[in-house]
Amino acid sequence: MADKSGRRAHPGIRVRRVYEAPEPDDGTRVLVDRIWPRGLAKADARLDEWAKAAAPSTELRRWYGHEPERFAEFARRYRAELAEPERREAVDHLRALAGQGTLTLLTAVKDVSHGHAGLLADAVRGHR
């Protein structure tokens, strides 16, 4: 299915916590954190892929510390990282997966609204 511009429309990109039980309509499930979630057995995650390259750098993640007052600057820095070749390639791959059906980006962060996965979902959708 294509949109008015002729680009392939994305049926749906979801962001969920990896600790939540998988749902039948999750589609392709991709972990987008750089480090494995604490206390989660790999068999229980029910992942299709682990896209470490799409996650923020260790330095940026440590600087941010999930402090909401730093989110705007974190978002700016993370978007800049997503423009780097390795991460751009990871975003392109996620975009290709989204073109095949629902894509669920999974993260371990507690506050999803102030996490990187929503910013990554926007990048996959082609938004800046």
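Only this structure's heavy atoms are used, side chains among them; waters, hydrogens and symmetry mates stay out. Remember, it's a predicted structure, so these values are computed and weren't measured experimentally.
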Requested in this report: Start with the C-alpha distance between Arg17 and Glu20, add both sets of side-chain angles, then the distance that settles salt bridge (charged side-chain N to carboxylate O under 4.0 Å, His left out), and finish with yes or no.
Outcome: CA-CA 6 Å; Arg17 292 197 71 222; Glu20 296 172 7; 5.8 Å; no
Using atom types as modelled and distance alone, determine if a side-chain donor or acceptor of [X] lies under 3.5 Å from a backbone N or O of [Y].
{"X": "Thr104", "Y": "Asp26", "value": "yes"}
{"X": "Arg16", "Y": "Leu106", "value": "no"}
{"X": "Trp50", "Y": "Asp33", "value": "yes"}
{"X": "Arg88", "Y": "Ala83", "value": "yes"}
{"X": "His116", "Y": "Val32", "value": "yes"}
{"X": "Arg38", "Y": "Ala108", "value": "no"}
{"X": "Arg29", "Y": "Arg46", "value": "yes"}
{"X": "Glu81", "Y": "Ser57", "value": "yes"}
{"X": "Arg95", "Y": "Ala90", "value": "no"}

Linked, directly or transitively: [X] and [Y] (ILVMFWY side chains, under 4.5 Å):
{"X": "Leu82", "Y": "Trp63", "result": "yes"}
{"X": "Leu47", "Y": "Val112", "result": "no"}
{"X": "Leu119", "Y": "Val91", "result": "yes"}
{"X": "Val18", "Y": "Val15", "result": "no"}
{"X": "Leu31", "Y": "Val124", "result": "no"}

Query raised in the report: With the threshold set at 4.0 Å, does a side-chain nitrogen-carboxylate oxygen contact exist between Glu73 and Arg70?
Result: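 Here Glu73 does not pair with Arg70 in a salt bridge, since their nearest N and O are not under 4.0 Å apart.
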Query raised in the report: Can a salt bridge be assigned to the pair Arg87 and Glu84 using a cut-off of 4.0 Å between side-chain N and carboxylate O?
Result: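 Glu84 and Arg87: salt-bridged.
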Requested in this report: Classify the side-chain pair Glu67/His114 by whether it contains a donor and acceptor separated by less than 3.5 Å.
Outcome: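 Side chains of Glu67 and His114: no pair found under 3.5 Å.
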Are any of the side-chain heavy atoms of [X] and [Y] separated by less than 4.5 Å?
{"X": "Asp122", "Y": "Arg125", "result": "yes"}
{"X": "Arg61", "Y": "Ile35", "result": "yes"}
{"X": "Thr28", "Y": "Gln100", "result": "no"}
{"X": "Val109", "Y": "His66", "result": "yes"}
{"X": "Leu105", "Y": "Arg14", "result": "no"}
{"X": "Leu103", "Y": "Val30", "result": "yes"}

Considering non-hydrogen atoms only, spot the tightest contact between [X] and [Y] and give its length.
{"X": "Ala53", "Y": "Arg34", "value": "O-NH2, 4.3 Å"}
{"X": "Gly115", "Y": "Phe74", "value": "C-CE2, 4.5 Å"}
{"X": "Ala51", "Y": "Leu94", "value": "CB-CD2, 4.5 Å"}

Requested in this report: Quick one: pull up CG in Asp44 and OH in Tyr19 and give me the separation to the nearest 0.5 Å.
Outcome: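 Here the rounded value is 11.5 Å.
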Query raised in the report: CG/Leu97 to CD1/Ile13 distance, rounded to the nearest 0.5 angstrom?
Result: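 So the gap between those two atoms works out to 10.0 Å.
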Query - Over 12 foreign heavy atoms within 6.0 Å of CD, Glu89 - result: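 It does not: Glu89 CD has 12 such atoms or fewer within range.
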Query raised in the report: Going by the angle between their ring planes, with limits at 30° and 60°, are Phe71 and Tyr64 parallel, tilted or perpendicular?
Result: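 Answer is tilted, since the angle falls between 30° and 60°.
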